[in-house]
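Data first, discussion second: the structure below is written as structure tokens.
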Protein chains: 2
Amino acid sequence: MYKNKKFSIGEFSEKTGIPIPTLHYYDELGLLQPERNPSSEHRIYNYEDIITLQKILSLKFLGYSLDKIASLLHESSFTADLNESLSLHLHALEREKVQIEQSMQAIKRVIKLVEEEGEVDSALLFSLIYSMHMEHTWIERYKLTEVVEELSKKSEEDKLALDKTYIQLTKAVKQLYGKPVEDSNVQRMIKDYLEASFSFLGEDLMEKIAHTNVKELDIQELESMTPSPFTEDEQTWLNQAIEYYMKQVEME
Amino acid sequence: MYKNKKFSIGEFSEKTGIPIPTLHYYDELGLLQPERNPSSEHRIYNYEDIITLQKILSLKFLGYSLDKIASLLHESSFTADLNESLSLHLHALEREKVQIEQSMQAIKRVIKLVEEEGEVDSALLFSLIYSMHMEHTWIERYKLTEVVEELSKKSEEDKLALDKTYIQLTKAVKQLYGKPVEDSNVQRMIKDYLEASFSFLGEDLMEKIAHTNVKELDIQELESMTPSPFTEDEQTWLNQAIEYYMKQVEME
DNA sequence: CTTGAACCTCAAGTTACTTCAGGTTTTATA
DNA sequence: TATAAAACCTGAAGTAACTTGAGGTTCAAG
């Protein structure tokens, strides 16, 4: 009968798909300690050991550490206690999943961008990636829940479109930098970018952002933490150009 | 101007949220090596270092190892080369995500079961967890794609219902074990369980399973790998009872 | 000028393995 | 039956990305 079959470590490894060194390791940890041939010390696995290994794999599948598994392995029944620890694991897994999903989205955006734009300046890419990252981090840190939730509702195409507009802006800035801020090309560049941003964000979202009161200190901090694809000089020039543009708009 | 501000490691850690030992570690790896006070060897971080740290965090967010980050950090622009490595990462993340989702589903099922049934025998729980695990593993190993896909379409409630029926079965077996297989209680137990299983699986799925040709050897292997909540004797008795039941049904 | 906070380095611990070196046992073949 | 190859053994070290700790120096405030 197969239940009485004995296996060498090689056979056992073959059947279960678990590498020999891992079996050694589990033996060392006391998780799975098979019989031994007393003269040679070779391990002899049997049917029971298959069951034990399955328990180990099951608990690993549920996300437990080998340490925890070692203790759980000897409990004969699962109580509410276990249920609590299962819930904890569930939450941990949920967080992991969310993190992974965010990374995947970010990578997809970056891939599309690189595909469509060819070579992209690394400072620019970093600033995009970082902002994607922060889009999610902000939720927790500054309770901009409403705003960020609204943002995440925007379609991926819209986000990509905005990214591309941003890339256009950086290219234009590199080209036009040095010209007077009232130059018509410069002003057109500003106009295009701001209009694209506004149309992406929408009026009510702009309102909400304006009314969100993040402490001054935090804003300082955020600003100094936000990477920019522009040199300091370019940034200053760009700010001046934007300021000029806003004044013109107000006058109209 | 804030761009000229210098930070001690403590301040820098505070501002960025990265623990001091981690900053030490990044320094050691050559990822982020700030200025030093030549007399005291104390680290002095500046605005540049914030930018570098952001790059590191961005790339970590995308799933890169610190090793890779070290090399990427010095590249000034991202090419198609990077795009390829991004795609690879994307796939890796996808796999991770799927694995996490499966674990979450399994945990949810186990939690519900424990909640609704109170204390549950551990051998039984392991066999359930293992089968959930295998439900997914089989897809790859035996190309039962069709069948398993059909299975995963079943609603969570249905799965839970089947789990509960299975629990009923194990309880009944423990109670009735020893009675003659033709005993009416025993036969009712078999009937209830088989009918629940059939109604869960549906005829066409049963058909497909029957027609799926897994090699004999593999079946042996699978069987010996599948944990059972029954003792060997109980299993034998149960098989006999089922056999008897099938004969009776055939005669009708 | 002293004391406590902040900083320094170097070493070791963590998890779940994998890899390696150097030696013994089993198994297959001549 | 001799021998060589395959399989096995142990113990140590390597991996990633940190964290923790010991023991000593420097800085800032009172």
Side-chain angles (χ1 to χ4, degrees), chain A residues 6-46 49 52-53 55-73 89 92-93 96 99-100 103, chain B residues 6-46 49 52-53 55-73 89 92-93 96 99-100 103:
Chain A
K6 313 262 178 173
F7 308 93
S8 72
I9 197 171
E11 292 165 340
F12 193 77
S13 163
E14 185 88 358
K15 284 225 179 306
T16 62
I18 305 301
I20 292 175
T22 304
L23 293 173
H24 281 161
Y25 181 60
Y26 287 172
D27 188 351
E28 198 185 319
L29 291 189
L31 280 177
L32 179 59
Q33 294 177 315
E35 253 182 86
R36 297 289 192 119
N37 176 331
S39 64
S40 69
E41 288 291 284
H42 283 193
R43 290 170 179 82
I44 305 164
Y45 291 84
N46 60 26
D49 294 319
T52 305
L53 182 62
K55 290 186 182 180
I56 295 169
L57 298 178
S58 297
L59 291 168
K60 249 172 61 84
F61 172 67
L62 294 186
Y64 283 93
S65 70
L66 297 187
D67 212 37
K68 267 268 159 85
I69 291 176
S71 54
L72 285 174
L73 219 47
H89 268 293
L93 289 176
E96 256 183 78
Q99 153 76 23
I100 286 179
S103 303
Chain B
K6 313 261 178 175
F7 308 93
S8 73
I9 195 170
E11 291 165 341
F12 193 77
S13 163
E14 184 87 358
K15 283 223 180 308
T16 62
I18 305 301
I20 292 175
T22 304
L23 293 173
H24 281 161
Y25 181 60
Y26 288 172
D27 188 351
E28 199 185 319
L29 291 190
L31 279 177
L32 180 59
Q33 294 178 314
E35 251 183 87
R36 297 289 192 117
N37 176 331
S39 65
S40 68
E41 288 291 284
H42 283 193
R43 290 169 180 83
I44 304 165
Y45 290 85
N46 60 26
D49 295 318
T52 305
L53 182 62
K55 289 186 182 179
I56 294 169
L57 297 179
S58 296
L59 291 169
K60 248 172 62 84
F61 172 67
L62 293 186
Y64 283 95
S65 70
L66 296 187
D67 214 36
K68 267 267 160 82
I69 292 177
S71 53
L72 285 175
L73 219 47
H89 269 294
L93 288 176
E96 256 184 78
Q99 153 76 23
I100 287 180
S103 303

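In what follows, chains are A, B, ... by sequence order, proteins preceding strands, each numbered from 1.
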(request) Quick one: pull up OG in A/Ser65 and CG in A/Leu72 and give me the separation to the nearest 0.5 Å. (result) 8.5 Å

(message) What I want to find out is whether A/Glu11 reaches A/Lys6 closely enough, with some N-O distance under 4.0 Å, to be called a salt bridge.
(response) no

(message) Need two values: the first and the last nucleotide of DNA chain C, 5' to 3', having an atom under 4.0 Å from any heavy-atom of chain B.
(response) C/dC7 to C/dT9

(request) Taking the side chain as every heavy atom from C-beta outward, state whether B/Glu35 and B/Asp49 have any pair of such atoms under 4.5 Å apart. (result) no

(request) Measure from CD1 on A/Ile20 to P on D/dT10 and round the result to the nearest Å. (result) 12 Å

(message) By nearest heavy atom, map A/Ile44 and B/Asn37 onto DNA chain D; which one lands nearer the 5' end?
(response) A/Ile44

(message) If you assign each of B/Ser39 and B/Asp67 to its closest nucleotide in DNA chain D, which residue comes earlier from the 5' end?
(response) B/Asp67

(request) Check the distance between D/dT19's P and B/Leu23's CG and give it to me in whole angstrom. (result) 10 Å

(request) Supply the atom-to-atom distance A/Leu73 CG to A/Lys55 NZ, rounded to the nearest 0.5 angstrom. (result) 6.0 Å

(request) On the 0 to 90° scale, with breaks at 30° and 60°, tag the B/Phe7-B/Phe12 ring pair as parallel, tilted or perpendicular. (result) tilted

(request) Hey, could you give me the CG/CG distance between A/Leu23 and A/Leu31, rounded to the nearest 0.5 Å? (result) 11.0 Å

(message) Base, sugar-phosphate or nothing for B/Lys68? Non-hydrogen atoms, less than 4.0 Å.
(response) nothing

(request) Specify the residues of residues 25-32 of chain A, ordered by number, for which at least one heavy atom lies under 4.0 angstrom from an atom of DNA chain D. (result) none

(request) Using a cut-off of 6.0 Å, state whether more than 12 heavy atoms not belonging to B/Asn37 lie near its atom CG. (result) yes

(message) How many whole angstroms separate atom CD1 of A/Ile9 from atom P of D/dA6?
(response) 19 Å

(message) Please determine whether a side-chain nitrogen or oxygen atom of A/His24 lies at a distance below 4.0 Å from atom OP1 or OP2 of D/dC9.
(response) yes

(request) To the nearest Å, give me how far apart CZ (A/Phe12) and C1' (D/dC8) are. (result) 16 Å

(message) Rounding to an integer number of Å, can you tell me how far B/His42 NE2 sits from D/dG24 P?
(response) 16 Å

(request) Please examine the side chains of B/Leu66 and B/Ile69, heavy atoms only from C-beta on, and report whether any two atoms are closer than 4.5 Å. (result) yes

(request) Establish, with yes or no, whether the OP1 or OP2 oxygen of D/dT10 is under 4.0 angstrom from a side-chain nitrogen or oxygen of A/Arg43. (result) yes

(request) Taking the side chain as every heavy atom from C-beta outward, state whether B/Arg43 and B/Asp27 have any pair of such atoms under 4.5 Å apart. (result) yes

